[in-house]
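Structure record follows, encoded as structure tokens.
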There are 6 protein chains.
Amino acid sequence: MTSSFTRADGRSLDEMRPVSITRGFTTNPAGSVLVEFGNTRVMCTASVEERIPRFKVGSGEGWLTAEYSMLPAATHDRMPRESMRGKVKGRTHEISRLVGRSLRAAIDLSQLGENTIALDCDVLQADGGTRTAAITGAYVALADAVAALRERGVLTGDPLLPPVAAVSVGIIDGRVCLDLPYEEDSRAEVDLNVVMTESGNFVEVQGTGEAGTFSRDQLNAMLDSAEIGCRQLIAAQKAALESPLKG
Amino acid sequence: MTSSFTRADGRSLDEMRPVSITRGFTTNPAGSVLVEFGNTRVMCTASVEERIPRFKVGSGEGWLTAEYSMLPAATHDRMPRESMRGKVKGRTHEISRLVGRSLRAAIDLSQLGENTIALDCDVLQADGGTRTAAITGAYVALADAVAALRERGVLTGDPLLPPVAAVSVGIIDGRVCLDLPYEEDSRAEVDLNVVMTESGNFVEVQGTGEAGTFSRDQLNAMLDSAEIGCRQLIAAQKAALESPLKG
Amino acid sequence: MTSSFTRADGRSLDEMRPVSITRGFTTNPAGSVLVEFGNTRVMCTASVEERIPRFKVGSGEGWLTAEYSMLPAATHDRMPRESMRGKVKGRTHEISRLVGRSLRAAIDLSQLGENTIALDCDVLQADGGTRTAAITGAYVALADAVAALRERGVLTGDPLLPPVAAVSVGIIDGRVCLDLPYEEDSRAEVDLNVVMTESGNFVEVQGTGEAGTFSRDQLNAMLDSAEIGCRQLIAAQKAALESPLKG
Amino acid sequence: MTSSFTRADGRSLDEMRPVSITRGFTTNPAGSVLVEFGNTRVMCTASVEERIPRFKVGSGEGWLTAEYSMLPAATHDRMPRESMRGKVKGRTHEISRLVGRSLRAAIDLSQLGENTIALDCDVLQADGGTRTAAITGAYVALADAVAALRERGVLTGDPLLPPVAAVSVGIIDGRVCLDLPYEEDSRAEVDLNVVMTESGNFVEVQGTGEAGTFSRDQLNAMLDSAEIGCRQLIAAQKAALESPLKG
Amino acid sequence: MTSSFTRADGRSLDEMRPVSITRGFTTNPAGSVLVEFGNTRVMCTASVEERIPRFKVGSGEGWLTAEYSMLPAATHDRMPRESMRGKVKGRTHEISRLVGRSLRAAIDLSQLGENTIALDCDVLQADGGTRTAAITGAYVALADAVAALRERGVLTGDPLLPPVAAVSVGIIDGRVCLDLPYEEDSRAEVDLNVVMTESGNFVEVQGTGEAGTFSRDQLNAMLDSAEIGCRQLIAAQKAALESPLKG
Amino acid sequence: MTSSFTRADGRSLDEMRPVSITRGFTTNPAGSVLVEFGNTRVMCTASVEERIPRFKVGSGEGWLTAEYSMLPAATHDRMPRESMRGKVKGRTHEISRLVGRSLRAAIDLSQLGENTIALDCDVLQADGGTRTAAITGAYVALADAVAALRERGVLTGDPLLPPVAAVSVGIIDGRVCLDLPYEEDSRAEVDLNVVMTESGNFVEVQGTGEAGTFSRDQLNAMLDSAEIGCRQLIAAQKAALESPLKG
């Protein structure tokens with residue numbers, strides 16, 4: 001990683017874009033967060049439903065589900081609205097499932113009672129890394145929803161587990177770059193999304209050779225970079241949660 | 001209308017909630033506006049597509065289309081996402097069509113070239129009057145999109161027509177109330193949505209006896225109140241468009 | 001409104017097309033009516049289902065729902081069948097909802113028991129005004145279904161309220177015309193649908209500037225004309241219901 | 001077949017219900033027929049579309065397609081509308097395909113030019129035999145559509161082939177009965193639908209052991225009965241087509 | 001039928017293609033059969049579900065249902081996958097219904113308890129006669145599923161009825177040919193599918209004049225040929241069921 | 001990894017199940033392979049379509065797409081057929097996308113001409129590892145399809161790249177196990193799918209903490225095990241491709 005390489009936005013290779021987490025973004029859901037990774041902006045909400053899906057009935061546990069979606073005008077060229085097409089795209093399904101699995105690592109379902117927490121991650125503006133921003137913001141919305149349930153006396157224990165955050169890393173022109181905006185993402189040879197806990201363990205590791213393959217050494221370098229990003233994101237999550245919730 | 005009646009938020013009967021119009025809310029679409037009527041918040045975008053639908057081919061004209069949608073957590077109780085249900089609700093279709101018809105009254109399609117303007121009105125937070133806020137905000141997004149097209153030299157003439165704005169009026173306990181929040185809307189006997197131009201003419205008048213019928217006199221009183229609201233909204237649209245667009 | 005203006009079918013400006021209401025058009029549903037406004041022909045049926053939708057359970061009330069549809073060959077050019085497209089058009093949804101709201105103004109749901117009345121309005125031949133004919137005919141089918149329920153002893157009280165009828169009015173070349181056939185409808189500047197009760201109150205008022213806007217004075221002139229039409233339709237409904245039901 | 005057996009409607013075993021064929025039932029499609037077999041009533045229309053489906057392009061031939069559907073209130077208990085369910089039932093598909101194949105035996109596609117004839121068979125009232133009534137009525141609608149095309153000079157040759165008609169036969173309590181109403185159809189052991197040409201040849205033979213199997217002798221007895229019915233139906237088709245078309 | 005006519009594969013006119021029935025083809029379903037008619041290969045499985053559909057509740061009987069499907073690459077040119085299209089084709093529905101009706105003739109539902117047997121017939125390779133192979137193979141899968149239920153003590157009686165098999169016959173260049181491969185099927189004037197029991201009775205007879213009509217004599221000749229085929233298939237079914245089931 | 005741990009099927013921790021690759025499994029598609037990993041059996045076909053999707057038009061390149069699906073009776077309990085549900089499950093979309101990305105790493109699209117290769121991976125029997133078996137088998141089907149295109153003279157160059165294979169690894173009771181059957185997969189704490197090229201580079205790495213998280217050391221141990229499996233699979237692919245193709 002020589003100093004001669006420059007990223008379009010002037011960042012160093014393992015530098016995150018500016019990260020912003022706004023709690024209480026809307027007021028109806030139990031948790032509502034606007035998360036920003038640079039120009040990527042995702043609204044993450046956590047709604048509580050006092051029921052559980054059929055396959056959990058009798059388990060004595062709660063459930064957590066997630067849906068990810070892009071607003072039609074979030075991207076540079078408007079995309080058709082999935083509800084009007086009558087079909088959800090495979091990419092949307094794939095990311096919704098990833099968000100759900102990732103956040104279930106941040107909640108002890110046995111302490112949730114027979115409640116379902118529904119996470120909605122709606123991308124208002126897309127500039128790369130929308131799924132990782134969604135996971136990172138959703139944790140904060142989840143924390144606020146759990147706090148609301150505890151305040152209302154619905155829960156006696158505390159199902160919330162330590163933070164989970166996610167970041168993307170890519171290889172561009174052979175260099176490992178952290179937190180790719182769209183312009184970089186679209187020309188990356190390799191793309192890795194990492195979901196990590198506060199203790200540094202992995203929840204998900206998804207690496208894809210979009211335009212090439214990657215060696216074990218490259219994977220290791222990307223994982224090193226991802227850890228830098230995730231630690232910074234977890235600090236941002238904790239800082240956001242320590243400040244008083246507006247409203 | 002006696003002084004003894006009080007609205008929950010302290011407004012007088014023909015007083016609007018605070019109105020806010022934020023241009024340049026997101027940067028990818030040609031026009032992007034966040035419109036707020038009290039706690040109702042709608043993101044309105046105008047995207048330009050350099051093609052026209054089949055039924056307009058050969059007409060020498062452009063087209064304008066609109067889609068309205070609620071985010072799942074916009075309401076007090078989370079609603080299922082329409083894309084996941086695989087079906088768009090009748091209410092959504094009905095409002096999308098209303099927004100499209102209303103805004104086509106604000107554009108001269110013969111001056112638009114073979115372009116389509118796609119308006120997307122996504123409700124981030126719902127507290128009554130979402131369709132009227134959507135129409136009011138969409139005009140400003142449309143104006144910005146037309147300006148962008150003219151700046152890029154795509155259009156030589158100016159297809160934008162004078163402002164169109166919309167407001168709801170209802171009858172609650174026999175009194176005509178302007179701009180209903182959800183709490184009032186849900187117990188109104190009659191609900192009237194009015195779309196009006198700057199000249200005071202109507203584009204749409206939709207009155208519904210949700211829980212009762214209404215007399216000609218009541219209709220007239222509601223139309224009077226709506227005019228007050230629309231004039232104020234048009235002033236807000238013009239003020240927003242006169243200030244420089246951020247970004 | 002000068003006498004020099006002539007309508008293609010020779011009617012005066014505030015004259016309805018010939019109206020015909022045939023009860024007992026088919027025999028399986030509890031109420032079955034063929035309603036004709038000139039060449040527009042709609043089959044309206046009222047079927048009784050001894051259950052209520054989930055959102056009414058525990059309310060002690062019944063429900064009324066409506067579906068409007070056009071047969072594929074009802075129009076001049078055949079339209080694709082919605083069941084084969086896999087999607088219901090927005091226009092269809094919009095009209096179904098209008099018919100349902102309108103007819104709920106003609107029934108006291110608290111007197112209906114835990115029954116649902118399903119109204120189906122299928123357009124056999126379309127020549128303008130299909131939604132207003134549907135509402136007008138559906139009232140008669142509803143009356144017959146309620147009578148059948150009472151005859152079978154299912155109902156002790158009488159949930160049927162006084163008649164509701166609907167008519168369209170438009171502005172063509174600046175003149176207010178009542179009950180538009182397709183040829184007039186397609187070139188009207190403004191289109192107003194009015195649903196009215198026997199007492200002269202409004203259930204719905206839907207005015208649309210299809211190709212232009214309309215002033216308060218024009219709205220008033222159209223409402224005057226609509227009242228003439230609705231009164232005539234209500235007389236026709238009552239006459240139809242007074243004659244013995246064939247079969 | 002002893003004389004002691006009596007059918008509920010008093011018919012003899014190989015007697016058809018009263019058959020009625022009304023041409024010009026509606027005016028928009030090129031051919032429009034109301035066909036009645038007793039209480040079964042089907043509206044059959046033939047619409048001309050000046051295009052051919054993709055798989056026929058370049059063939060120099062036309063095409064004929066058919067859709068069968070039941071109105072929701074056609075049956076004793078209302079059935080959900082297929083467009084609202086979002087899915088077409090297998091039974092509907094099966095009958096639509098049968099009607100299409102049957103009527104393609106009545107048209108010389110090579111004489112039709114690059115036109116498609118779309119047949120729509122909508123059951124207004126169902127009392128057994130709806131598919132056979134649909135086929136029988138559709139032939140007459142097809143004949144009128146072809147005549148209209150020839151009158152307009154679109155066709156120089158005559159693609160219409162001799163009549164095709166259809167009837168059902170069943171075995172009830174061991175006896176062969178012609179033209180089953182619903183009450184008989186629902187308790188028949190075997191059900192046979194036969195589509196026949198004027199020359200006595202078969203277009204389709206579909207026999208089903210609904211509640212039992214059937215021997216070769218029983219099949220022969222049913223085919224004999226079906227021939228009686230089809231000959232009578234073809235006579236009715238020809239009589240209908242010989243009288244002048246109203247309107 | 002002169003000796004000068006030769007079929008592409010050298011068979012005589014009333015000779016079946018080689019038939020193979022492999023039991024225990026897969027191990028998860030209660031019955032699993034690979035059936036081959038020449039190059040046509042269909043996997044037929046019978047799965048037991050310990051519930052019955054709503055319309056059978058309270059009947060004291062079980063139910064049998066069937067689904068037929070083609071894998072996308074089963075045919076010479078790949079066909080779009082129905083699940084991705086979001087719609088099932090009419091042909092698929094039609095055949096699924098035929099398989100279900102046919103196999104219900106091979107089971108005494110009153111002896112099945114409140115269980116549903118779900119038959120799945122998935123065509124791995126298509127070379128004509130897929131629906132008849134599916135029915136023939138499904139009987140064997142059904143027999144194995146019933147045997148498994150009896151072995152597990154779920155059933156005390158024996159609901160299995162004697163064999164049902166199916167074959168296609170066609171008329172090509174005026175000659176009656178048994179068991180058509182794709183090449184023959186695509187140029188046959190008439191196509192007849194016959195489902196027969198061991199006693200020689202019919203369950204289904206479906207004859208279609210694909211490119212012409214057929215006389216009573218031709219129908220009789222085709223039925224004679226079909227009987228030859230079905231008897232041979234039933235012998236193959238019985239032979240397969242007499243050998244021990246692998247696994 | 002102590003010797004005291006035993007797997008239900010007696011394998012050592014880094015031992016694959018028996019692998020079998022059968023080419024020419026069916027004859028219609030250009031490539032057709034049955035791949036077996038123990039009891040998991042997947043039919044993989046490669047079909048050639050002489051067109052490219054819209055987004056590739058003008059690129060001068062070909063395309064490769066993949067669809068994965070489970071037959072309803074592939075699993076222990078029958079699953080509803082996705083075509084009948086009208087919706088494809090998220091899991092299916094996710095795996096289809098994975099297979100497509102993986103195999104695009106095995107083809108040089110610029111050497112493929114304007115052709116699309118459609119891979120279909122249909123699971124006949126599922127016992128864990130279906131997605132990895134699908135990828136492994138699809139490579140062989142792809143190789144056969146490319147060979148067929150070259151033989152037919154459609155391609156002059158050779159777009160086929162060296163083999164790509166995939167395997168799953170999991171952590172069970174703290175031990176890293178290679179190639180999990182269903183019984184192990186369902187109780188694994190962590191699940192990793194690795195897609196690797198012959199050179200030992202990664203195409204995809206997807207690790208998921210299904211019931212827990214995993215450390216960097218555990219990830220490394222799983223990657224080591226996966227490499228053992230992939231090298232063995234690539235040897236099996238090459239051996240299969242070296243033997244002559246039957247038929």
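These values consider heavy atoms only, across backbone and side chains, with no hydrogens, waters or symmetry-generated copies.
Of all the listed residues (A:E82, A:R41, A:E67), the one sharing the greatest number of non-hydrogen pairs under 4.5 Å with chain B is A:E67.
If you take CZ on B:R78 and CG on A:L119, they are separated by 9.0 Å, rounding to the nearest 0.5 Å. In this structure, NZ on A:K89 lies 11.5 Å from OG on B:S83, to the nearest 0.5 angstrom.
Using a 4.5 Å cut-off between heavy atoms, B:A126 contacts chain A through its backbone alone, with no side-chain atom that close. With a threshold of 4.5 angstrom between heavy atoms, B:T27 approaches chain A through its backbone and through its side chain. For chain A, the nearby parts of B:T26 are the backbone and the side chain; heavy atoms of each come within less than 4.5 Å.
Within 6.0 Å of CZ on B:R85 lie more than 12 heavy atoms contributed by other residues, nucleotides or ligands. The number of heavy atoms from other shown groups lying within 6.0 Å of CZ (B:R91) is above 12.
Considering every non-hydrogen atom in both B:A73 and A:P29, the closest pair reads O-CD, 3.6 Å. Across all non-hydrogen atoms, the minimal contact from B:L124 to A:M43 is O-CE, 3.7 Å. Of all non-hydrogen atoms in A:R81 and B:S69, the two that sit nearest each other are NH1-CB, 3.1 Å.
Here the options are B:D120, B:L71, B:N28, B:T45, the test is side-chain contact (heavy atoms from CB on, under 4.5 Å), and the partner is A:L71; only B:L71 passes.
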